[in-house]
Amino acid sequence: MSRRDYEIRQISPFIWQVEPFGEMSVPVRIYADSRLLEGIEQDGAGQQAMNVAHMPGIVRASLAMPDAHWGYGFPIGGVAAFDPERGGVVSPGGIGFDINCGVRLVASDLVEDDVKPRIDKIVRTLYQQVPCGVGSSKAIRKLSDKELRNLSRRGAAWTVEQGFGRPEDVEHTEEEGALDGADPSVLSARAIERGQPQVGTLGSGNHFMEVDVVREVYDEEVAEAFGVARGSVAFQIHCGSRGFGHQICSDFLKTMQKATSKYGISVPDKQLACAPLGRPEAEQYLAAMACGANYAWANRQVILALVVEGLEQVFGKDRDALGIRQVYDVCHNIAKMEEHDVDGQSRRLCVHRKGATRAFPAGHPAVPEDYREVGQPVLIPGDMGTASYLLVGADGAMDETWGSTCHGAGRVMSRKGAKKKAGGRNLKKELADRGVTVAWEGRSTLAEEMPEAYKDVDAVVSVMHEAGITRKVARLEPIGVVKG
DNA sequence: ATGTTC
């Protein structure tokens, strides 16, 4: 064990706390088992969570989820809430470059025996339907400047009006696929240009489309409410806001560097650049970030339509005959103004979730009406050779984590480290031996994304389950994967 | 994550 210059104390079976020291204004709380904790401390994510605890107006604690790993400024797997009435800030580093990176889960009436014999064809079809890889474009026509601005304001609903998917998909999407307050007038010309040709594209890195079999159901009642049955086939789409969101983040990091000094804010890491909520820099960033978020929801909506079109071709049946229905679409890179209880008082806070997923419990008004009795679906993608999870928000999330949970397995190996480890191996065959057919675009994608590059997703979701933040509903295992 | 170093 490496020597620490701080003390960490176990305050419950799955929560570890660092009391404030130096200029920290709140403690750090890490959700983890002892093994996950060790990884979080070793790669610097723990130190990053301590840095976040220094920021102005942070409320209660700087939180790290069990999948936390090192990121730009804030850890990926970090959650922090800021109070505008106490000098609270918004920081682009607390959202991430890929604004509204997220996951969409689609259920079907297909079973493994319908799909397994044609899995090669299905994977090839999905790969052809959706442009994959860095710089991918031309999934649909290049949008005009005006169309992109409309899409930025209205998100997924705008794409449904253009003929991609159905209104009920939007009802089963976080925020119904559009954040309020999106204002394209604050966007740079370069952001608009980068966004125009990329709607309906997957991107690269950990972004994927996946064919899964629902192998285990832990909670029959909730699974039924979500329309997910043991043995059925489901589809996942994981991607974000492409070059558009990346450009928005880059543009506003520059704005925020200036704002940090303008408002006399002191942060322990330049990458925590931020502006006080209510100030023009903060409000403009939130308006731009909402555009990025809405683009990502529109992007996943178009990709869903392209996936459905491909499946209709393969099976020679239409969407209804295949029983294809959207379970939910979650975001895991965003900041939102939300009402939360703080010491018995309801307060409006800016909740940053970076590599963290909203997980509202039963009864919360933001949960779609047909799920409100059970709680919000939470989608946790794992690595491409192991499993993904469907969870449901629990009461503990509102009490402890600003209605948030983990977002995935979380990297345990750098991209470079993974490539080195994969040298000389035939990963396509290794995955085929595990029953996973894979297609991919980038030269190094398969190596960088190999299962060993990720933490144990079972351990990650178990921590949040045992801590009472989210409950396990179903475990999905991949049989076909398309990687960017 | 990213027209992977405007």
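Bear in mind the structure is a predicted one, so any value in this text is a computation, not a measurement.
- Near DNA chain B, meaning a heavy atom under 4.0 Å away, there are no residues from residues 70-79 of chain A.
- Going from atom CG of N100(A) over to atom P of dT2(B) covers 13 Å, rounded to whole Å.
- Close to dA1(B), at under 4.0 Å from its OP1 or OP2, lies no side-chain N or O of N333(A).
- Residues satisfying the side chain to side chain donor-acceptor pair (under 3.5 Å) criterion with K146(A), sequence neighbours excluded, are absent altogether.
- The stretch residues 402-420 of chain A participates, sequence neighbours left out, in these salt bridge (Lys or Arg N to Asp or Glu O under 4.0 Å) pairs: R411(A)-E449(A), R415(A)-E448(A), R415(A)-E449(A), K419(A)-E448(A).
- Taking atom CZ on F97(A) and atom P on dT2(B), their separation rounds to 12 Å, with Å as the unit.
- Residue pairs meeting the side-chain hydrogen bond (donor to acceptor under 3.5 Å, both in side chains) criterion with at least one partner in residues 50-67 of chain A, sequence neighbours excluded, are Q47(A)-N51(A), D67(A)-H407(A).
- Atom CD1 of I99(A) and atom C1' of dT2(B) are 12 Å apart (whole Å).
- Contacts of Q198(A) with the nucleic acid, taken as non-hydrogen atoms under 4.0 Å apart, involve only primed sugar atoms and P, OP1 or OP2.
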Please tabulate, for the side chains in residues 474-481 of chain A, all donor-acceptor contacts under 3.5 angstrom to protein atoms that are two or more places apart in sequence or on a different chain.
| from | atom 1 | to | atom 2 | distance (Å) |
| --- | --- | --- | --- | --- |
| R475(A) | NE | Y389(A) | OH | 3.1 |
| R475(A) | NE | D458(A) | OD1 | 3.0 |
| R475(A) | NH1 | E477(A) | OE2 | 2.7 |
| R475(A) | NH2 | D458(A) | OD1 | 3.2 |
| R475(A) | NH2 | D458(A) | OD2 | 3.3 |
| E477(A) | OE1 | R215(A) | NE | 3.2 |

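- Screening residues 279-290 of chain A for salt bridge (Lys or Arg N to Asp or Glu O under 4.0 Å), with sequence neighbours left out, gives K262(A)-E281(A).
- Following rounding to the nearest Å, Y295(A) (OH) and dT2(B) (C1') show an atom-to-atom distance of 13 Å.
- Residues Q198(A) and Y295(A) bring no donor and acceptor atom of their side chains to less than 3.5 Å of each other.
- Rounding to whole angstrom units, NZ of residue K416(A) and C1' of dT4(B) are separated by 14 Å.
- As rounded to whole Å, 13 Å separates atom C1' of dA1(B) from atom CZ of R300(A).
- Here R415(A) lies in heavy-atom contact (under 4.0 Å) with sugar-phosphate atoms only.
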Can I get a per-line list of side-chain donor-acceptor pairs under 3.5 Å for residues 300-308 of chain A, giving both atom names and the distance, sequence neighbours left out?
| from | atom 1 | to | atom 2 | distance (Å) |
| --- | --- | --- | --- | --- |
| R300(A) | NE | D329(A) | OD1 | 3.3 |
| R300(A) | NE | D329(A) | OD2 | 2.9 |
| R300(A) | NH1 | N100(A) | O | 2.9 |
| R300(A) | NH1 | C239(A) | O | 2.8 |
| R300(A) | NH2 | N100(A) | OD1 | 2.8 |
| R300(A) | NH2 | D329(A) | OD1 | 3.0 |
| Q301(A) | OE1 | R104(A) | NH1 | 2.7 |
| Q301(A) | NE2 | F164(A) | O | 3.1 |
| Q301(A) | NE2 | D169(A) | OD2 | 3.1 |

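- The side chain of R190(A) lies closest to dC6(B), out of dC6(B), dT2(B), dT4(B).
- Taking 4.0 angstrom as the limit, S204(A) places none of its side-chain polar atoms (N or O) nearer than this to OP1 or OP2 of dA1(B).
- Listed by chain and number, the residues in a ring pair (Phe, Tyr, Trp, His ring centres under 6.0 Å) with H465(A) amount to none (sequence neighbours excluded).
- Comparing K254(A) and S136(A) by the nucleotide of DNA chain B whose heavy atom lies nearest to each, the residue mapping closer to the 5' end is S136(A).
- Rounded to whole Å, the distance from NE2 on H207(A) to P on dT4(B) is 16 Å.
- S388(A) and Q236(A) are linked by a side-chain donor-acceptor pair at a separation below 3.5 angstrom, with hydrogens and angles left out of the test.
- For residues 240-251 of chain A, proximity to DNA chain B is found at R242(A), G243(A), H246(A), defined as any non-hydrogen atom under 4.0 angstrom from a strand atom.
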